[in-house]
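See below for the structure under consideration.
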Number of protein chains: 2
Amino acid sequence: MRTLEHPSRGEMRLDTVLAALADPVRRTVACKLNDAFGDHACATFELPVSKSTATYHFRTLREAGVIRQEYEGTKIMNTLRKDDLDARFPGLLDAVFAAQKIEGAGA
Amino acid sequence: MRTLEHPSRGEMRLDTVLAALADPVRRTVACKLNDAFGDHACATFELPVSKSTATYHFRTLREAGVIRQEYEGTKIMNTLRKDDLDARFPGLLDAVFAAQKIEGAGA
DNA sequence: ACTGTACTACGAGGAATTTCGTACTACCAA
DNA sequence: TTGGTAGTACGAAATTCCTCGTAGTACAGT
């Protein structure tokens, strides 16, 4: 059974979380996880980058503490660590997601 | 009279704002502007970098729309564009500042 | 056992970021 | 006008980030 390293709540660093969310590809992933219920395999995201680049972005998000990744067979299921992030940095995630929607909609 | 370029509210990009705030030196500047009243010249910040590096960070913040810079004699007065940012990306700035205080205080 | 699927690890290239020193400009004050 | 102060512009170096292809691992299904 393969497992992946995740930072604990206390280990999450604001630097790292903001840098993770500053990249458009990674923010797209986080936003999709926030909008949709349940878990989602990496392959279901249709990102505009190659598979190995996608791996890199998923790892960056995981190491920042933004997402949780768990093996399920050959797939990796991704979930947003909303509870943990809300506990650590209250309101941050919601503000970023709201901002993303604003920018996506208007000018 | 020298003037400096600033993005309008609508021109502010989430990518750029988050990237600007992801850097610890720049976030320190923004936080200090938020805590203290009034304007503040660049030289008053005591940043752990050289003068030319400081210039670079101030410019990055200005071009992202986080701060406003206006000449006043030979000095440049810096102000946080809180109104503009709150209008464009509501709650984002407050969440980041709150997070900064949490990280500074606790673990 | 074989095939396919999902993803990773590694190495490498190119782009962007951060840093600095030096030289410079603009302004104020004496 | 001479000097000091505040900050910029430029070029260069170091580092980090993003991207990819190739090769490989782990698991599921037949």
Side-chain angles (χ1 to χ4, degrees), chain A residues 1-6 13-30 32-33 36 38-79, chain B residues 1-7 13-30 32-33 36 38-80:
Chain A
M1 193 53 159
R2 289 173 289 178
T3 55
L4 294 161
E5 287 273 314
H6 293 79
R13 300 265 289 103
L14 183 54
D15 277 19
T16 318
V17 171
L18 288 178
L21 295 174
D23 182 275
V25 173
R26 290 193 293 261
R27 206 164 54 244
T28 299
V29 169
K32 283 189 181 177
L33 285 176
D39 301 357
H40 298 275
C42 294
T44 66
F45 284 86
E46 301 181 24
L47 301 172
V49 291
S50 75
K51 206 157 58 154
S52 41
T53 301
T55 294
Y56 162 74
H57 285 303
F58 278 106
R59 185 174 59 234
T60 302
L61 284 167
R62 171 172 50 83
E63 288 175 349
V66 177
I67 65 172
R68 185 172 299 281
Q69 298 194 282
E70 281 166 309
Y71 274 101
E72 197 162 301
T74 82
K75 295 177 185 172
I76 288 184
M77 289 306 178
N78 299 282
T79 48
Chain B
M1 191 53 160
R2 290 172 288 179
T3 54
L4 295 160
E5 287 273 312
H6 292 80
R13 299 265 289 105
L14 184 53
D15 277 19
T16 317
V17 171
L18 287 178
L21 295 173
D23 182 274
V25 173
R26 291 192 293 261
R27 206 166 53 244
T28 298
V29 170
K32 283 188 182 176
L33 285 176
D39 299 359
H40 298 275
C42 294
T44 65
F45 284 87
E46 301 182 25
L47 301 173
V49 292
S50 75
K51 203 159 59 154
S52 41
T53 301
T55 294
Y56 161 74
H57 285 303
F58 279 106
R59 185 174 58 236
T60 303
L61 283 167
R62 170 171 51 81
E63 288 175 349
V66 177
I67 65 172
R68 185 172 300 280
Q69 297 194 283
E70 280 166 310
Y71 275 100
E72 198 162 301
T74 82
K75 295 178 185 173
I76 289 185
M77 288 307 178
N78 299 282
T79 48
L80 189 64

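Since the structure is predicted, the reported quantities are computational estimates derived from the model, not experimental observations.
- Each salt bridge (charged side-chain N to carboxylate O under 4.0 Å, His left out) pair with one or both residues in residues 47-69 of chain B, not counting sequence neighbours, appears once here: B/Arg68-B/Asp84.
- What separates CD of A/Glu70 from C1' of C/dA6 is a distance of 16 Å, to the nearest Å.
- Nearest heavy-atom pair, B/Thr79 versus B/Leu33, reported as atom, atom and distance to 0.1 Å: C-CD1, 4.1 Å.
- The CD atom of A/Gln69 sits 6 Å away from the P atom of C/dT8 (whole-angstrom rounding).
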Listing time: all N or O pairs from protein to nucleotides 14-16 of chain C that are below 3.5 Å?
none

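- Separation of atoms OG1 (A/Thr44) and NZ (A/Lys32) is listed at 8.0 Å; rounding is to 0.5 Å.
- Residue B/Leu4 holds its CG atom at 12.5 Å from CZ of B/Phe58, rounded to the nearest 0.5 Å.
- Each of B/Gln69, B/His57, B/Lys75 was compared with B/Cys42 under the side-chain contact (heavy atoms from CB on, under 4.5 Å) criterion, and only B/Gln69 meets it.
- Put simply, A/Arg26 has a side-chain N or O that comes within less than 4.0 Å of OP1 or OP2 on D/dC18.
- Taking atom CD1 of residue A/Ile67 and atom P of nucleotide C/dC7, one finds them 11 Å apart after rounding to whole Å.
- Distance from the side chain of A/His57 is smallest for D/dT19 among the nucleotides C/dT18, C/dT8, D/dT19.
- Residues in residues 17-28 of chain B take part in these salt bridge (charged side-chain N to carboxylate O under 4.0 Å, His left out) pairs, two or more places apart or across chains: A/Asp15-B/Arg27.
- Between the P atom of C/dT19 and the CZ atom of B/Arg59 lies a distance of 13 Å, rounded to the nearest Å.
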I'd like a list of close polar pairs between nucleotides 28-30 of chain D and the protein, N/O only, cut-off under 3.5 Å.
none

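- A donor-acceptor contact closer than 3.5 angstrom is absent between the side chains of A/Thr55 and A/Ser52.
- Residues A/Phe45 and A/Asn78 approach most closely at CE1-ND2, 4.2 Å, considering heavy atoms.
- Of the residues in residues 46-56 of chain B, those placing a heavy atom less than 4.0 Å from an atom of DNA chain D are B/Lys51, B/Ser52, B/Thr55, in numerical order.
- If you measure from atom CG of B/Leu4 to atom P of C/dC27, you get 12 Å, rounded to the nearest angstrom.
- When rounded to the nearest whole Å, the span between CZ of B/Phe58 and C1' of D/dT8 equals 13 Å.
- Bending across the helix from C/dA1-D/dT30 to C/dA30-D/dT1, expressed as the angle between its end axes from five pairs apiece, amounts to 20° (10° rounding).
- For the pair B/Thr28 (side chain) and B/Pro24 (backbone), a donor-acceptor distance under 3.5 Å is present.
- Between B/Asp23 atom CG and D/dC17 atom C1' there is a gap of 14 Å when expressed in whole angstrom units.
- Here C/dC28 presents its P atom at 14 Å from CD1 of B/Ile76, a figure rounded to the nearest Å.
- Distances were taken from every side-chain heavy atom of B/Lys75 (C-beta onward) to each of D/dT8, D/dA6, D/dC18; the shortest belongs to D/dA6.
- Shortest non-hydrogen contact noted between B/Val66 and B/Ala30 is CG1-CB, 4.3 Å.
- When atom types are taken as modelled, the side chain of B/Thr60 and the backbone of B/Tyr56 share a donor-acceptor pair closer than 3.5 angstrom.
- Contact detail for B/Val17 and B/Ala64: the closest heavy-atom pair is CG2-O, 3.6 Å.
- Taken from CG in A/Leu21 to CG in B/Leu18, the straight-line distance is 6.5 Å, to the nearest 0.5 Å.
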